[in-house]
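Please read the structure below before turning to the comments.
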Amino acid sequence: MSSRREPKLRISKSPSAQRDASIRRTILRIPRGKVATYAQVAAAAGYPLYHRQVVQLLRKSGDLLPWQRVVGAGGEIRLKRDMAHEQRTRLEMEGVKFRGRRVAMENHQHVFRTWEL
DNA sequence: ATCCTGACCCAAG
DNA sequence: GCTTGGGCCAGGA
């Protein structure tokens with residue numbers, strides 16, 4: 001039996017859906033009071049060069065995630081105007097301290113575990 | 001297919 | 001500190 005076009009039923013998710021799921025889980029691992037950068041999230045999710053996709057995902061469905069814990073390289077907030085202020089406020093509410101415009105990464109950088117237990 | 005954009009990143013100057 | 005240019009990627013027009 002050979003059929004030229006098999007996958008009537010999609011057993012595995014499309015690569016992009018799988019990627020989004022992984023990125024989501026990764027963001028959910030960031031605890032209160034800690035932050036990670038877009039690139040770190042992408043890498044920890046298993047997609048080292050996909051920091052921009054982290055952004056896309058947050059733009060689309062960030063409201064379901066602790067989006068405030070994802071920041072730009074060096075701890076800089078990359079949103080603009082109102083949203084930037086919103087993110088800073090949310091972070092400060094979690095006890096995150098700032099040095100100028102950047103998050104004090106020495107204290108709040110979340111380090112993802114690459115091996116479990 | 002091309003062009004543009006985005007909550008990006010990094011090395012240079 | 002700053003700006004610039006190049007690199008990276010997917011999605012939408």
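Here is how names work: the chains are called A, B, and so on, in the same order as the sequence lines, proteins then strands, and each is numbered from 1.
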List, with names and distances, any nitrogen or oxygen atoms from the protein found under 3.5 Å away from nitrogen or oxygen atoms belonging to nucleotides 10-13 of chain C.
{"from": "C:dA10", "atom 1": "OP1", "to": "A:Tyr50", "atom 2": "OH", "distance (Å)": "3.1"}
{"from": "C:dA10", "atom 1": "O4'", "to": "A:Gln53", "atom 2": "OE1", "distance (Å)": "2.6"}
{"from": "C:dA10", "atom 1": "N3", "to": "A:Gln56", "atom 2": "OE1", "distance (Å)": "3.3"}

message = Measuring from atom CG of A:Leu79 to atom CD of A:Gln68, what distance do you get when rounded to the nearest 0.5 angstrom?
response = 11.0 Å

task = For the pair A:Glu76 (side chain) and A:Arg102 (backbone), establish whether a donor and an acceptor sit closer than 3.5 Å, ignoring hydrogens and angles.
result = no

inquiry  = According to side-chain contact (heavy atoms from CB on, under 4.5 Å), who are the partners of A:Arg24, at least two apart in sequence or on a separate chain?
reply    = A:Asp20, A:Leu57, A:Ser61, A:Leu65

key: Note: A:Glu92-A:Arg88 ion pair, threshold 4.0 Å (strictly below)   = yes

task = First locate atom OG of A:Ser22, then atom CZ of A:Arg25, and finally report the distance between them rounded to the nearest 0.5 Å.
result = 5.0 Å

inquiry  = Can you confirm whether A:Tyr50 sits close enough to A:Gln56 that some side-chain heavy atom of one is under 4.5 Å from a side-chain heavy atom of the other?
reply    = no

ask   = With a 4.5 Å heavy-atom cut-off, do A:Arg29 and A:Arg113 have their side chains touching?
value = no

note = In A:Lys34, A:Arg32, A:His108, the residue satisfying side-chain contact (heavy atoms from CB on, under 4.5 Å) with A:Val96 is A:His108

query = Which residues, if any, of residues 84-104 of chain A bring a heavy atom under 4.0 Å of DNA chain B?
reply = none

inquiry  = Walk me through whether A:Leu58 and A:Ile23 qualify under side chain to side chain contact (heavy atoms under 4.5 Å, CB included).
reply    = CA-CA 10 Å; A:Leu58 285 174; A:Ile23 291 174; over 6 Å; no

key: Between B:dC8 (P) and A:Leu57 (CG): distance, integer Å   = 14 Å

Nucleotide N/O to protein N/O under 3.5 Å, stretch nucleotides 6-8 of chain C:
{"from": "C:dC8", "atom 1": "O2", "to": "A:Arg52", "atom 2": "NH1", "distance (Å)": "2.5"}
{"from": "C:dC8", "atom 1": "N3", "to": "A:Arg52", "atom 2": "NH1", "distance (Å)": "2.6"}

request  = Round to a whole Å and report the spacing from CD of A:Glu76 to P of B:dC8.
outcome  = 10 Å

task = Determine whether more than 12 heavy atoms belonging to other residues, nucleotides or ligands lie under 6.0 Å from atom CZ of A:Arg90.
result = yes

ask   = Could you state the interatomic distance from CZ (A:Phe98) to CE (A:Met105), rounded to the nearest 0.5 Å?
value = 10.0 Å

request  = Starting at CD of A:Glu94, measure out to CD1 of A:Ile30 and round the result to the nearest 0.5 Å.
outcome  = 10.0 Å

message = If I take atom CD1 in residue A:Ile23 and atom P in nucleotide B:dG6, what distance separates them, rounded to the nearest angstrom?
response = 19 Å

Give me, pair by pair, the N or O atoms of the protein and of nucleotides 11-13 of chain B that are less than 3.5 Å apart, along with how far apart they are.
none

ask   = Are any non-hydrogen side-chain atoms of A:Gln18 and A:Pro15 less than 4.5 angstrom apart?
value = no

message = Is the shortest side-chain heavy-atom distance between A:Tyr38 and A:Gln53 below 4.5 Å?
response = no

remark   = In numerical order, the residues of residues 66-75 of chain A whose heavy atoms come under 4.0 Å of DNA chain B are A:Trp67, A:Gly72, A:Ala73

task = Without swapping roles, check the side chain of A:Gln40 against the backbone of A:Thr37 for a donor-acceptor pair under 3.5 Å.
result = yes

